[in-house]
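Just follow the structure's listing: the first ligand is 1, and inside any ligand the first atom is 1.
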Amino acid sequence: MSTVKRAHNFNAGPSILPLPVLEQAQKELLDFKGTGMSVMEISHRSKEFETVMAEAEQDLRSLMGIPSNYKILFLQGGATLQFSMIPMNLRTVGGSADYVVTGSWSKSALKEAQKLGKTKTAFTAETENFNRIPKQDELKLDPEAAYLYFTSNETIHGVEFKNEPAAPAGVPLIVDTSSDFISRPMDVTKYGLIYAGAQKNAGPAGVVVTIIRDDLLERVPNNLPVMLDYKAQVAGGSMHNTPPCFAIYMVGLVFKWALGLGGLTEIQRRNEAKAGIVYKTIDESGGFYKGHAAADSRSNMNVTFRLPNEDTEKSFASEAKKLNMIGLAGHRSVGGMRASLYNALPLESAEALVEFMKDFQRRNG
Ligand SMILES: *Cc1c(COP(=O)(O)O)cnc(C)c1O
């Protein structure tokens with residue numbers, strides 16, 4: 001174990017990585033597997049890098065239980081490029097796609113899809129400032145939709161689906177799981193496509209993981225620019241061009257770390273423990289701390305809350321920083337505070353936050 005002083009890192013993204021993963025990368029930086037080179041310096045066509053890719057894919061399959069009729073892609077352009085690639089590839093000609101809008105990220109995804117064709121809004125919580133997840137019977141679903149799109153965790157507003165929405169028969173379900181990827185078990189077979197930008201829960205920025213059911217590849221039109229074409233990316237094994245080699249190596253190490261902890265059930269247990277103590281502190285503060293999300297929609301990844309006024313919020317963030325707690329200011333569009341408690345955040349950091357919250361309230365309440 002390293003003795004380096006590490007921050008209590010509550011950053012929303014890019015965000016904390018597991019210490020053992022960073023240490024492994026450090027150890028291998030100058031000489032990766034006897035090559036005398038780092039992963040950044042070897043050919044993406046080398047045997048060594050092919051092994052990195054193959055293991056990352058295999059480990060993710062075991063971790064999430066991904067069946068063989070799903071392809072795994074490691075792409076670039078971040079989660080935001082998936083906002084465009086999904087409708088370009090999967091919305092059938094003249095067809096419409098359904099979007100569930102529960103926060104900034106699903107709203108942005110809808111906006112991109114609207115530029116390229118027909119969409120319908122199955123639900124939006126915008127007038128309630130995105131403080132909740134819809135119930136199934138609130139969704140206005142088009143039985144003819146090309147797909148139903150939702151965001152399992154809204155990173156900015158701190159609302160998270162406990163269960164996926166049910167799509168009409170034959171309508172593939174698509175999820176942006178960027179900020180709660182590999183944070184809990186999920187039933188992959190319920191989905192047509194699952195994707196996540198790595199830099200919240202799974203690695204550094206620069207790679208997005210897209211998991212796609214292979215029958216959907218038949219929809220891909222044949223006039224797409226090659227880098228935006230899922231079918232071409234599958235055919236090229238995510239290596240039509242030079243992939244983001246180091247980022248893929250890092251997500252691969254994170255998958256191994258997650259498997260080593262005991263997999264997603266254990267990770268979920270840890271995440272619930274961390275979020276549980278922070279929400280408990282909010283609930284027991286007598287209204288000093290106010291959670292943004294409705295109780296049944298609370299995110300285990302991003303805890304959003306407000307203090308009595310903006311001045312106390314400012315001093316909360318700056319005092320926390322002095323105690324080595326970083327990244328607690330909320331997103332500028334929501335204000336208040338946001339504690340991101342991703343997979344790699346140790347329980348001790350959540351405990352330190354809770355202790356500070358109680359102390360701060362005693363002094364300012
Ligand atoms: C951060 C985030 C995005 C955008 O990710 P980029 O990789 O920066 O494009 C999209 N969706 C969700 C849920 C996010 O948290």
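- Residue F255 holds its CZ atom at 8.5 Å from CE of M64, rounded to the nearest 0.5 Å.
- Using a 4.0 Å cut-off between heavy atoms, T80 contacts ligand 1 through both its backbone and its side chain.
- Residues V254 and I182 have side chains in contact (heavy-atom distance under 4.5 Å, counting atoms from C-beta outward).
- Using cut-offs of 30° and 60° for the angle between ring planes, the H157 and H292 rings count as tilted.
- The aromatic rings of F356 and F316 sit tilted, their planes meeting at an angle between 30° and 60°.
- At least one heavy atom of A79 sits closer than 4.0 Å to an atom of ligand 1.
- Per-residue contacts place F83 under 4.0 angstrom from the following atoms of ligand 1 (heavy atoms of the residue considered): 10 (C).
- Those atoms of ligand 1 with a heavy atom of T155 less than 4.0 angstrom away are 12 (C), 13 (C), 14 (C), 15 (O).
- Between T151 and ligand 1, no N or O atom pair is found at a separation short of 3.5 Å.
- For the pair M40 and C245, the minimum side-chain heavy-atom distance is 4.5 Å or more.
- Protein heavy atom nearest atom 2 (C) of ligand 1, with residue, atom name and distance: K200 NZ, 2.5 Å.
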Verdict with supporting geometry, N302 and S340, side-chain hydrogen bond (donor to acceptor under 3.5 Å, both in side chains): CA-CA 4 Å; N302 312 96; S340 297; 2.9 Å; yes
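- Applying the 4.0 Å criterion to heavy atoms of N153 picks out, from ligand 1, the atoms 13 (C).
- No part of V208 comes within 4.0 Å of ligand 1, judged by heavy-atom distances.
- Of all the atoms in ligand 1, the ones that sit under 4.0 Å from a non-hydrogen atom of Q199 are 5 (O), 6 (P), 7 (O), 8 (O).
- When side chains are defined from C-beta on, N364 counts as touching F288, because their heavy atoms get closer than 4.5 Å.
- Ring orientation note: the planes of Y191 and F150 are close to parallel, at an angle under 30° on the 30°/60° scale.
- Using a non-hydrogen distance threshold of 4.0 Å, I156 does not register as a contact of ligand 1.
- Using a non-hydrogen distance threshold of 4.0 Å, E154 does not register as a contact of ligand 1.
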